[in-house]
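Computed from a predicted structure; not experimentally measured. Residue numbers run from 1 in the order of the sequence given.
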Amino acid sequence: MISNYFDKNKTYYIHHFETPFGEMTAAADDDALVYLHFGHQNIFGSRKEINHIIDKTLRQLNEYFNGERKEFDIPLKVKAKEFQNMALEEIKNIKYGETCTYGEIAEKLGNKTYSRGVGATCRGNTIAIIIPCHRVVMLNEKGYYNYSGGNEVKKSLLELEEKYANN
């Protein structure tokens with residue numbers, strides 16, 4: 001999926017870095033963050049440099065991991081279809097320390113049967129943490145399925161937010 005996401009005629013800035021939950025890869029163009037995900041990803045045509053967008057992302061993520069930041073103000077560019085964009089907008093509205101079920105997001109989109117589409121959107125989310133798909137849970141709230149960063153990472157992110165939610 002990642003190879004189809006990037007425009008091969010464009011140059012991206014890329015940076016790999018460690019977090020308390022494992023390595024992440026960030027990619028940006030001159031205007032916005034276009035990719036943030038767990039793991040080490042190589043992106044065709046990228047320059048291993050930090051631009052102002054990646055610098056801001058690293059600072060805000062560090063604050064988030066330390067419980068000092070609950071909202072991000074990083075410009076984003078997401079390549080998604082109409083339904084996915086609508087779902088991601090709803091997911092961005094889930095507040096720090098709170099969760100929402102796939103079905104609840106689907107209902108906000110107009111039909112509870114859209115919950116599988118919401119799950120697919122979460123799995124395909126290319127901007128981890130900042131678009132907080134880790135806050136979308138199964139109905140019983142014990143299932144951490146569908147998090148593309150890994151279920152243990154999802155559980156850990158939710159625990160981190162629970163720890164700092166009232167600070």
### Side chains of Tyr35 and His37 in contact at under 4.5 Å (non-hydrogen atoms)
yes

### Message
Could you check whether any side-chain N or O of Thr25 sits under 3.5 Å from a backbone N or O of Gly39, counting only pairs where one atom can act as donor and the other as acceptor?
### Response
yes

### Query
Does a side-chain heavy-atom distance below 4.5 Å link Leu36 with Ile74?
no

### Message
Among residues at least two apart in sequence or on other chains, which ones pass side-chain hydrogen bond (donor to acceptor under 3.5 Å, both in side chains) with Lys112?
### Response
Glu107

### Task
List the steps and the verdict of side chain to side chain contact (heavy atoms under 4.5 Å, CB included) for Asp30 and Lys10.
CA-CA 10 Å; Asp30 290 324; Lys10 199 168 187 183; over 6 Å; no

### Message
Per the salt bridge (charged side-chain N to carboxylate O under 4.0 Å, His left out) rule, what does the pair list look like for residues 127-136, sequence neighbours excluded?
### Response
Arg135-Glu161

### Summary
Nearest heavy-atom contact between Ala28 and Leu33 is CB-CA, 4.1 Å

### Query
Is Asn62 reaching over with its side chain to a backbone N or O of Leu58, donor-acceptor style, under 3.5 angstrom?
no

### Query
Given side chains that start at C-beta, do those of Ile53 and Val34 come closer than 4.5 Å, heavy atoms only?
no

### Query
Given Tyr164 and Tyr96, is the ring-ring contact (aromatic ring centres under 6.0 Å, His included) satisfied, shown in steps?
CA-CA 9 Å; Tyr164 294 113; Tyr96 181 98; 7.7 Å; no

## Note on the structure
Hits for side-chain hydrogen bond (donor to acceptor under 3.5 Å, both in side chains) against Asn111, two or more places apart or cross-chain, chain-then-number order -> Thr113

### Task
Mind checking the CZ-CD spacing from Phe17 to Glu23? Nearest 0.5 Å is all I need.
9.0 Å

## Note on the structure
For Ile129 and Phe65 the tightest heavy-atom approach is CD1-CZ, 3.8 Å

### Task
Using salt bridge (charged side-chain N to carboxylate O under 4.0 Å, His left out) as the criterion, list what pairs up with Glu162, not counting sequence neighbours.
none

### Task
Please identify each residue that fulfils salt bridge (charged side-chain N to carboxylate O under 4.0 Å, His left out) with Glu104, with sequence neighbours left out.
none

### Query
At what distance, to the nearest 0.5 angstrom, does CE of Met24 lie from CD of Gln41?
11.0 Å

### Task
Could you tell me which residues satisfy ring pair (Phe, Tyr, Trp, His ring centres under 6.0 Å) with Phe72, sequence neighbours excluded, listed by chain and number?
Tyr64

### Query
Do His15 and Thr57 touch side chain to side chain, with heavy atoms closer than 4.5 Å?
no

### Task
Decide side chain to side chain contact (heavy atoms under 4.5 Å, CB included) for Lys79 and Thr126; before the verdict, give the C-alpha distance in whole Å, the side-chain angles of both, and the deciding distance to 0.1 Å.
CA-CA 9 Å; Lys79 186 176 179 181; Thr126 55; over 6 Å; no

### Query
So among Ile91, Asn125, Thr121, Thr101, which one has a side chain to side chain contact (heavy atoms under 4.5 Å, CB included) with Val136?
Ile91

Using distance only, find each side-chain donor-acceptor pair of residues 81-90 under 3.5 Å and give its atom names and separation, not counting sequence neighbours.
residue	atom	partner	partner atom	Å
Gln84	OE1	Lys81	N	2.7
Asn85	ND2	Ala80	O	3.3
Glu89	OE2	Lys92	NZ	2.9

### Message
Run the side chain to side chain contact (heavy atoms under 4.5 Å, CB included) test on Leu61 and Thr19 for me, step by step, so that the C-alpha distance in whole Å, both residues' side-chain angles and the decisive distance to 0.1 Å come before the verdict.
### Response
CA-CA 9 Å; Leu61 282 172; Thr19 75; 5.8 Å; no

#### Entry: Nearest non-hydrogen partners of Val137 and His134, listed with the distance
CG1-O, 4.5 Å

### Least distance between heavy atoms, Phe21 atom then Ser156 atom
CE2-CB, 3.3 Å

### Task
Output all residues satisfying salt bridge (charged side-chain N to carboxylate O under 4.0 Å, His left out) with Lys56, sequence neighbours left out; order by chain, then residue number.
Asp73

#### Entry: Residues that His52 engages under ring pair (Phe, Tyr, Trp, His ring centres under 6.0 Å), provided they are two or more places apart
none

### Message
Restricting to salt bridge (charged side-chain N to carboxylate O under 4.0 Å, His left out), what partner residues turn up for Glu63, sequence neighbours left out?
### Response
Arg69

### Query
Does any non-hydrogen side-chain atom of Glu49 lie less than 4.5 Å from one of Asn51?
no

### Task
Indicate yes or no for a side-chain donor-acceptor contact from Asp55 to the backbone of Ile50 under 3.5 Å, with no hydrogens or angles considered.
no

#### Entry: Atom NZ of Lys77: over 12 foreign heavy atoms under 6.0 Å
yes

### Query
Looking at residues at least two apart in the chain, or sitting in another chain, which of them share a side-chain hydrogen bond (donor to acceptor under 3.5 Å, both in side chains) with Asn93?
none

### Task
Using the test side-chain hydrogen bond (donor to acceptor under 3.5 Å, both in side chains), find all partners of Lys95 that sit at least two apart in sequence or belong to another chain.
none

### Task
Indicate the atoms forming the closest heavy-atom contact of Ala106 with Ser115, along with that distance.
CB-N, 3.4 Å

